[in-house]
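Each remark here refers to the structure printed beneath this line.
Read the numbers this way: they start at 1 and go in the same order the structure lists the ligands and their atoms.
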Amino acid sequence: MSSLPISTDLLQSHNAQRLEALREDYEALRRSLARRYIDIDVIKAKLAQFSVALPSWGSGRGGTRFARFPIAGEPTNIHEKLADCAVVNQLSRITPRVSPHFPWDHVSDYPALRAEAAELGLGFDAVNSNTFQDRPGQTYSYRNGSLSSTDKSARDQAIRHNIDCIEIGRALGSRALTVWIGDGSNFPGQQHLGAALDRYLDSLRQIYAALPADWRVFLEHKMFEPAFYSTVIADWGSSILAAQQLGPKAKCLVDLGHHAPNVNIEQIVARLHSFGKLGGFHFNDSKYGDDDLDSGSINPHQLFLVFNELVEAELNPRDGFDPAYMIDQSHNVTDPIESMLSSAEAIAGAYTKALLVERDSLHDAQEENDVMMAFQTLRRAYRTDVTPIVAMARMEAGGALDTLALYRYSGWREQKARERKVTGLGAGIV
Ligand code: RM4
Ligand code: MN
Ligand code: MN
């Protein structure tokens with residue numbers, strides 16, 4: 001890492017002003033956790049191993065299906081997106097990888113892009129293919145679907161694009177491909193529901209065959225949108241059945257926004273893990289649908305319960321459990337760097353709280369059907385303010401004690417507003 005975006009002098013003096021207060025809070029928390037026989041330093045060491053990838057598309061003001069409201073200084077290409085992601089990682093220290101999206105992040109020299117990212121202290125996570133929209137000059141339209149299209153030429157083109165993404169990913173040092181398709185239908189009778197899935201599986205088999213030995217493919221389900229009557233991979237059931245058909249390199253990816261309201265997502269996580277098929281996560285939050293709001297902003301309790309299952313999964317790994325944790329958000333009304341900083345902190349906090357659950361007490365209470373004690377065991381962890389642990393781990397890794405304050409003080413966005421070109425209004429993304 002030779003070219004970190006924010007001045008390290010600035011970062012150090014920022015931390016120096018806040019360190020004493022943090023130490024006091026950390027020591028107070030040490031004492032209160034010790035009364036529960038929890039060693040705060042062990043929890044902090046565990047958190048230090050944790051990381052979550054940033055979505056390259058999350059560094060811009062993504063917009064909705066209705067509108068996009070650009071801000072001055074937002075990134076206009078993958079190079080600028082990487083620079084912004086590097087700011088998030090430098091301050092938060094838990095977002096060392098970026099998940100790129102193609103063709104949005106297309107460049108002509110991928111080894112050079114990889115080197116550029118490494119200079120900024122970043123690597124690449126799962127590559128995302130995009131066959132949910134047409135791009136200028138494309139030969140076959142995805143209007144009637146992509147991997148499940150009735151048109152073989154469109155299917156072949158979509159398969160080719162996914163294989164190209166694998167090639168790009170190899171050059172970038174990635175080891176996974178995430179496939180989310182918008183394929184589905186808007187009218188009853190529009191599509192043969194069984195045949196569409198058969199075509200999807202056939203296409204995926206060809207993509208699967210192109211995966212290098214140490215790669216995985218993540219199948220991402222989503223209930224609806226852009227198709228509003230049926231979606232080919234609508235739910236975790238379709239996803240796991242497809243992954244089981246394809247083979248061990250195929251895993252399921254859970255995007256928190258891709259379920260019906262009130263669905264028990266933590267149970268889905270547990271189920272996928274039971275069958276060794278939990279591959280990855282897209283963190284975000286939502287109130288109604290695929291809102292792509294900031295992680296933990298609407299339902300932090302759900303985020304905690306999801307992490308509670310992930311900690312259970314860590315303790316009982318199956319089929320090489322190695323989940324790819326990624327953020328997938330769209331920032332319409334905030335500075336995307338601020339949203340990603342805030343989300344990274346919320347995710348780290350939810351994980352830390354899940355680490356505080358007294359597992360033996362929980363399991364004992366579950367075995368004995370002691371409902372209230374089981375519930376209270378989770379509650380005790382959830383109620384704990386873990387801010388000092390998250391901040392201390394971050395500082396020890398070289399990050400900032402108050403990430404948002406330092407980001408604002410650094411004047412990064414204002415400086416970029418002077419340097420970067422103005423982005424267009426454009427349309428939003430899904
Ligand atoms: C989809 C899905 C995908 C993401 C696109 C932009 O709804 O969440 O993961 O790549 O949006
Ligand atoms: Mn997603
Ligand atoms: Mn989504």
When the aromatic ring centroids of Phe283 and Phe307 are compared, is their separation below 6.0 Å? yes
Indicate, with yes or no, if the rings of Tyr409 and His14 have centres closer together than 6.0 Å. no
Kindly indicate whether the side chain of Glu345, heavy atoms from C-beta on, has any atom under 4.5 Å from the side chain of Ser92.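 No; the side chains remain at least 4.5 Å from each other.
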Pick out which of Asp183, Asn162, Asp151 makes a side-chain hydrogen bond (donor to acceptor under 3.5 Å, both in side chains) with Ser146. Asp183
Specify side chain, backbone, both or neither for [X], according to which of its non-hydrogen atoms lie closer than 4.0 Å to ligand 1.
X	result
Asp328	side chain
Glu225	neither
Asp290	side chain

Which of the numbered atoms in ligand 1 are below 4.0 angstrom from a heavy atom of [X]?
X	value
His282	9 (O)
His101	4 (C), 6 (C), 10 (O)
His258	2 (C), 7 (O), 8 (O)

Taking both backbone and side-chain atoms of [X], is any N or O found less than 3.5 Å from an N or O belonging to ligand 1?
X	value
Trp104	no
Asn128	no
Trp180	no

So, Asp292 and the Mn ion (ligand 2): N/O/S under 2.8 Å, yes or no?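 Under 2.8 Å: Asp292 has no N, O or S contact with the Mn ion (ligand 2).
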Salt bridge check, Asp290 against Lys222: does any charged N sit closer than 4.0 Å to a carboxylate O? yes
Can a cation-pi geometry be assigned to Lys353 and Phe304, taking NZ or CZ under 6.0 Å from the six-membered ring centre and within 45° of the ring axis?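 No - Lys353 does not lie over the ring of Phe304 by the 6.0 Å and 45° rule.
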Specify which N/O/S atom of His282 comes nearest to the Mn ion (ligand 2), by atom name.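 Result for His282 and the Mn ion (ligand 2): ND1.
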If you compare all heavy atoms of Glu309 against all heavy atoms of Glu266, which two are closest, and at what distance to 0.1 Å?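 Result for this residue pair: CG-O, 3.3 Å.
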Give the minimum heavy-atom separation between Ala154 and Tyr142, together with the two atoms involved.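 So the two residues come closest at O-CE2, 3.7 Å.
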Can you tell me if, anywhere in Asp290, an N/O/S atom lies at a distance from the Mn ion (ligand 3) that is smaller than 2.8 Å? yes
